[in-house]
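Chain A is the first sequence line, chain B the second, and so forth, proteins listed ahead of strands; every chain is numbered from 1. Keep in mind that this is a model prediction, so the values were computed, not measured.
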Amino acid sequence: MKIIIINYGAGNIQSIKFALQRLGVEAILSNDADEIRNADKVIFPGVGEASSAMKKLNESQLDTIIPTLTQPVLGICLGMQLMCNSSEEGNTKGLGIFDTEVMRFSQNVKVPQIGWNTIQNLKSPLFEGVRENEYMYLVHSFYAQKSNEMIAESNYDISYASALQKDNFYGVQFHPEKSSKAGSRILKNFLEL
Amino acid sequence: MLTKRIIPCLDIKNGRTVKGVNFVNLRDAGDPVELAKIYAEEGADELVFLDISATEERRKTLQKLVLDVAAQVDIPFTVGGGISSVEDVDHMLQAGADKVSINSAAVKRPELINELASKFGNQCIVVAIDAKQIDGEWIVHLVGGKVPTEIRLFDWAKEVAERGAGEILFTSMDNDGTKDGFANEALATLSTIVNIPIIASGGAGNMQHFKDTFIEGNADAALAASVFHFKEIGIPELKQNLKDNGINVRI
């Protein structure tokens, strides 16, 4: 099985690579269009600021390639946010895969949200064997609004989509690679899709 | 609901774990990677590695440690100690650290916080602040608490948040090593003047102290070293105790 982690200079790539290694899988880092198209599974990571990450995607033309992929694709954290229509962060136009918008948490809560929060209303094979209200590690200042494509929700300030799915595209706001055994199970489920 | 975090801190010297009482006398408490795995297994929510070596090869040694930890540990961790440039941070994040903490370098050149936040995102920038009270006023100290500055804690906290820190790790030098509890009054004030998470550090001696810092100190996370390293408090028992006391923790 060929697993590609998209390498566009805005990711916590090492941690994801190690998490897959712990599952016995050696992932390849790449930003090459052909290599990405031919992979069995694609992971789209991301940390940092949305508009500068999007700019990097534009420069490498990954913004046109990612939405046309047909194999399972997993966006993590900022990766998931960039798969939405738009983000309030830097007024960024997203890839438009998920039909929802990314907004900033209000000042009613500490921003960023950092730590372990629960995920609920789990609705996807991605969560096979994961209990309702399982804890996941999250670090983010912006969140995806709830939509029909929501497959998990979390609550911080308001209830928001902590995971989304449309066809072969999956997105998780939390970091499965840093979320202990349950996170590892989610990655394993993704590899088995 | 977001849970309160329990964070063991591993002081590292030349790749080994140490913990000093009031940062002076050092005792060996084991191999950092093994210790990190045990803590992750026991339910620690995050780990902090604080490098206190002063050798030429420090960065190489630390980077190797970060790689080893990232490969073997499945919870987030922060690396700090002597980090003073964008390049240093880049090295640590590339090796697999989730966050870095900066302390003296930020005091000497506050713009560093802005530079790091814009390059890496504020979520991975922890500003560590060591302070103690002088004539009733909380004053920021450097060099592991030995050198006083003229900066007031609360002014500095506000400034680092404005410059883009994602979190503040506040160590009270008055409490550190005393095992008499955290500096909850100062912690509670911090939470009212900045809107980023605050990690409480210095003074943990028993389980009640953790409960107090989450309730009275309004801390988002509590960090401790020796009580965990010398097994005076077990993390599973601590979390159960906090849960029984109505504090939301990950179990």
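- Just one of S180(A), S15(A), P176(A) meets the side-chain contact (heavy atoms from CB on, under 4.5 Å) condition when paired with D74(B); it is S180(A).
- Of the listed residues Q113(A), K178(A), E49(A), the one with more heavy-atom pairs under 4.5 angstrom with chain B than any other is K178(A).
- Rounding to the nearest 0.5 Å gives a distance of 12.5 Å between CD of Q123(B) and CG of L138(A).
- Within a 6.0 Å radius of CG in D244(B), more than 12 heavy atoms belonging to other residues, nucleotides or ligands are found.
- Neither the backbone nor the side chain of S118(B) comes within contact range of chain A, judged by heavy atoms closer than 4.5 Å.
- When A97(B), S191(B), A221(B) are compared by the number of non-hydrogen pairs under 4.5 Å with chain A, S191(B) comes out ahead.
- For E192(A), the CD atom sits in a packed shell: over 12 heavy atoms of surrounding residues, nucleotides or ligands are nearer than 6.0 Å.
- Closest heavy-atom contact between G166(B) and P112(A): O-CD, 3.6 Å.
- Summarising the local packing, CZ of R109(B) is surrounded by more than 12 heavy atoms from other residues, nucleotides or ligands at distances under 6.0 Å.
- Proximity to chain A (any heavy atom under 4.5 Å) is restricted, for I251(B), to the backbone atoms N, CA, C and O.
- In E185(B), the CD atom is not crowded: 12 or fewer heavy atoms of neighbouring residues, nucleotides or ligands sit closer than 6.0 Å.
- Among V249(B), V194(B), I75(B), N122(B), the residue making the largest number of heavy-atom pairs under 4.5 Å with chain A is I75(B).
- Here the shortest heavy-atom pairing between D45(B) and W116(A) reads O-NE1, 2.8 Å.
- A 6.0 Å sphere centred on NZ of K243(B) holds no more than 12 heavy atoms belonging to other residues, nucleotides or ligands.
- Judged by distance alone, with hydrogens and angles left aside, the side-chain atoms of Y135(A) form no donor-acceptor pair with the main-chain N or O of L2(B) at under 3.5 Å.
- Residues I198(B) and K110(A) form a side-chain contact, since some pair of their non-hydrogen atoms from C-beta on lies under 4.5 Å apart.
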field: From CA spacing to verdict: side chain to side chain contact (heavy atoms under 4.5 Å, CB included), L67(B), F18(A)
entry: CA-CA 9 Å; L67(B) 266 174; F18(A) 282 138; 3.6 Å; yes

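- Looking at S184(A), neither its backbone nor its side chain comes within 4.5 Å of chain B, counting heavy atoms on both sides.
- The distance from the CE atom of M92(B) to the CD atom of Q14(A) is 13.0 Å, given to the nearest 0.5 Å.
- Residue S179(A) touches chain B through its backbone alone, counting heavy-atom pairs closer than 4.5 Å.
- Considering every non-hydrogen atom in both V109(A) and N195(B), the closest pair reads O-ND2, 2.8 Å.
- Chain B forms more heavy-atom pairs under 4.5 Å with one residue of H140(A), Q107(A), R22(A) than with any other, namely R22(A).
- Residue E46(B) comes nearest to I114(A) through the heavy atom pair OE2-CG2, 4.2 Å, listed as atom of the first residue, atom of the second, then distance.
- With a 4.5 angstrom heavy-atom cutoff, A95(B) touches chain A only via backbone atoms.
- Contact annotation for Q120(A): neither backbone nor side-chain heavy atoms come within less than 4.5 Å of a heavy atom of chain B.
- The backbone N or O of M1(B) sits nowhere less than 3.5 Å from a side-chain atom of N155(A) that would complete a donor-acceptor pair.
- For CD of Q21(A), the number of neighbouring non-hydrogen atoms (other residues, nucleotides, ligands) closer than 6.0 Å is greater than 12.
- Heavy-atom distances place the side chain of K99(B), and not its backbone, under 4.5 Å from chain A.
- A salt bridge links K181(A) with E41(B): the closest approach of a Lys/Arg side-chain nitrogen to an acidic carboxylate oxygen falls below 4.0 angstrom.
- Contacts between E177(A) and chain B at a heavy-atom distance below 4.5 Å involve the backbone alone (N, CA, C, O).
- Of the residues considered (G96(B), A71(B), G121(B), A70(B)), A71(B) shows the highest number of contacts with chain A, using heavy-atom pairs under 4.5 Å.
- Only the side chain of R5(B) has a heavy atom closer than 4.5 Å to any heavy atom of chain A.
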